[in-house]
Every structure is written in C-alpha cells, then in structure tokens.
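Below is one structure, written out as structure tokens; the observations come after it.
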Amino acid sequence: VLKSDNTWVFANLESGDPANSAVLTVTRIWEMEDACKLQFRLKNNLGYRISALVPRLAVQNKDGIVYDTKSISFASIKPTDSQYTEVQFSGIGCHSISHMKVTEAPRCRMGKIDQWNEAEGECLSHIVVEPSQEINISK
C-alpha cells in the first residue's frame with residue numbers, strides 16, 4: 001500500500017479458507033458515463049444454509065477518499081449453491097474507483113449465527129473476497 005508520504009507498507013492479506021467460507025466474487029462490471037455497476041456472486045462453501053448475509057461495500061476515489069458505501073444482500077443460499085446480485089454506484093465511474101473494500105457485514109443469519117447471538121465482526125469473518133482482474137477489491 002502506498003502511503004501519502006510516498007512510502008510503502010505491506011498490506012495484510014486476508015486469511016480464511018475459501019473451501020469453508022462464503023466466497024464473494026466480482027463477476028461483471030458495467031462502466032457507465034458517471035456510474036459504476038457491478039455484479040457479485042456469493043458461493044456458499046460453509047456447509048450450512050445462508051439464510052441472510054448483508055455485506056457493506058465502500059468505494060474510494062483516486063484521491064483515497066471514501067466516495068460512497070452501499071450494502072448488498074444475499075438470502076437463502078444452500079450449501080454449494082451460489083447467488084448473484086448487482087449494485088450501482090452513481091456519480092463515480094468504475095475507472096475512477098481506486099479501491100473497493102468489504103468493510104462489514106452487519107447482518108447475517110446462517111448456521112448458528114442470528115441477530116440475537118452474533119458477535120461484532122462474526123458475519124464478516126465468514127466471507128472471503130476473491131481478487132478481481134477488473135477492480136481492486138479486498139476485505
């Protein structure tokens with residue numbers, strides 16, 4: 001990661017085993033004049049049903065400023081199945097996004113996790129984000 005003083009630091013790579021996680025992948029990008037639309041796939045490799053999972057995405061512009069945040073929602077995904085969803089960020093083209101980050105997953109119902117016993121960060125810890133050739137995305 002390049003810092004503002006032009007020095008570098010090594011980014012912490014995401015830990016987690018994709019074979020035992022909910023794997024989030026960018027599958028398609030539509031570049032628009034003043035918007036960026038993305039399609040995501042969530043593959044359930046957890047071994048139990050994902051009743052609901054709502055990751056939150058933040059996009060940074062070329063100046064490193066968080067331009068916008070949006071949530072995407074997935075529901076009722078059986079083990080080994082996948083589900084697709086789309087999100088559009090208006091006012092910023094895909095070419096102007098320097099980084100997209102999955103910042104949190106504040107709500108989920110899967111396995112033994114639900115709104116009454118979920119610890120902070122627990123939903124997010126079950127997500128692995130696949131690197132993309134088309135957009136810089138991480139967790």
Side-chain angles (χ1 to χ4, degrees):
V1 175
L2 180 61
K3 297 180 357 181
S4 61
D5 65 357
N6 291 325
T7 60
W8 289 90
V9 293
F10 287 98
N12 291 330
L13 294 177
E14 173 182 338
S15 61
D17 180 6
N20 299 306
S21 300
V23 181
L24 186 67
T25 307
V26 176
T27 54
R28 190 167 177 199
I29 294 178
W30 293 268
E31 177 74 60
M32 299 178 204
E33 189 170 321
D34 200 21
C36 184
K37 184 175 179 181
L38 302 106
Q39 180 184 67
F40 291 89
R41 178 184 71 223
L42 187 71
K43 174 134 170 71
N44 182 359
N45 293 333
L46 291 168
Y48 46 81
R49 178 186 216 73
I50 297 173
S51 297
L53 181 57
V54 183
R56 188 139 183 91
L57 308 168
V59 293
Q60 291 180 354
N61 64 18
K62 298 286 185 187
D63 296 323
I65 298 167
V66 174
Y67 181 82
D68 198 3
T69 58
K70 297 209 183 238
S71 294
I72 53 177
S73 180
F74 298 94
S76 195
I77 309 173
K78 297 175 188 169
T80 72
D81 280 355
S82 295
Q83 190 174 95
Y84 293 81
T85 194
E86 296 172 0
V87 66
Q88 181 173 316
F89 291 92
S90 297
I92 187 168
C94 299
H95 64 279
S96 296
I97 296 173
S98 67
H99 188 235
M100 177 177 290
K101 188 168 184 170
V102 181
T103 58
E104 60 181 336
R107 297 184 306 278
C108 70
R109 283 189 334 273
M110 52 190 187
K112 296 180 180 181
I113 306 168
D114 60 31
Q115 63 192 21
W116 293 282
N117 64 9
E118 168 196 334
E120 186 170 339
E122 187 171 13
C123 296
L124 183 61
S125 72
H126 288 73
I127 299 173
V128 167
V129 178
E130 281 193 339
S132 169
Q133 294 291 328
E134 301 190 54
I135 195 159
N136 182 10
I137 185 168
S138 67
K139 185 169 95 172

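The figures that follow rest on heavy atoms only: side chains count, while hydrogens, waters and symmetry mates do not.
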Heavy atoms only: give me the nearest [X]-[Y] pair and the separation to one decimal.
{"X": "Cys108", "Y": "Ile113", "value": "SG-CG2, 3.6 Å"}
{"X": "Ser90", "Y": "Ala35", "value": "CA-CB, 4.1 Å"}
{"X": "Val87", "Y": "Lys70", "value": "CG2-CD, 3.7 Å"}
{"X": "Ala105", "Y": "Cys123", "value": "O-CB, 3.1 Å"}
{"X": "Asn61", "Y": "Ser98", "value": "O-OG, 2.8 Å"}
{"X": "Asn20", "Y": "Leu46", "value": "O-CD2, 3.5 Å"}

Side chain [X], main chain [Y], donor-acceptor under 3.5 Å:
{"X": "Asp114", "Y": "Arg109", "value": "no"}
{"X": "Ser96", "Y": "Ile92", "value": "no"}
{"X": "Ser132", "Y": "Glu134", "value": "yes"}
{"X": "Asp17", "Y": "Ser21", "value": "no"}
{"X": "Lys101", "Y": "Val59", "value": "no"}
{"X": "Glu86", "Y": "Lys37", "value": "no"}
{"X": "Tyr67", "Y": "Gly91", "value": "yes"}
{"X": "Lys62", "Y": "His95", "value": "yes"}
{"X": "Thr27", "Y": "Gln39", "value": "yes"}

Looking at side-chain heavy atoms only, is the closest gap between [X] and [Y] below 4.5 Å?
{"X": "Thr69", "Y": "Phe89", "answer": "no"}
{"X": "Leu42", "Y": "Ile50", "answer": "yes"}
{"X": "Leu38", "Y": "Trp30", "answer": "no"}
{"X": "Pro79", "Y": "Asp81", "answer": "no"}
{"X": "Ile65", "Y": "Gln60", "answer": "no"}
{"X": "Gln88", "Y": "Cys36", "answer": "no"}
{"X": "Thr25", "Y": "Phe40", "answer": "no"}
{"X": "Asn44", "Y": "Thr80", "answer": "no"}

Does [X] share a hydrophobic cluster with [Y], counting links as ILVMFWY side-chain heavy atoms below 4.5 Å and allowing steps through other members?
{"X": "Val102", "Y": "Val23", "result": "no"}
{"X": "Met100", "Y": "Ile72", "result": "yes"}
{"X": "Ile135", "Y": "Ile127", "result": "yes"}
{"X": "Tyr48", "Y": "Ile77", "result": "yes"}
{"X": "Leu53", "Y": "Leu124", "result": "yes"}

request  = Tell me yes or no: between the side chains of Ser71 and Arg56, is some donor less than 3.5 Å from an acceptor?
outcome  = yes
query = Should Lys43 and Asn45 be marked as a side chain to side chain contact (heavy atoms under 4.5 Å, CB included) after you check the CA-CA gap, both sets of side-chain angles, and the distance that decides it?
reply = CA-CA 6 Å; Lys43 174 134 170 71; Asn45 293 333; 3.5 Å; yes
message = Nearest 0.5 Å, please: how far is CD1 in Ile29 from CD in Gln133?
response =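 Between Gln133 CD and Ile29 CD1, I get 10.5 Å after rounding to 0.5 Å.
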request  = Working to the nearest 0.5 Å, report the span between CZ of Arg41 and CZ of Phe74.
outcome  =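 Rounded to the nearest 0.5 Å, the CZ-CZ separation comes out at 10.0 Å.
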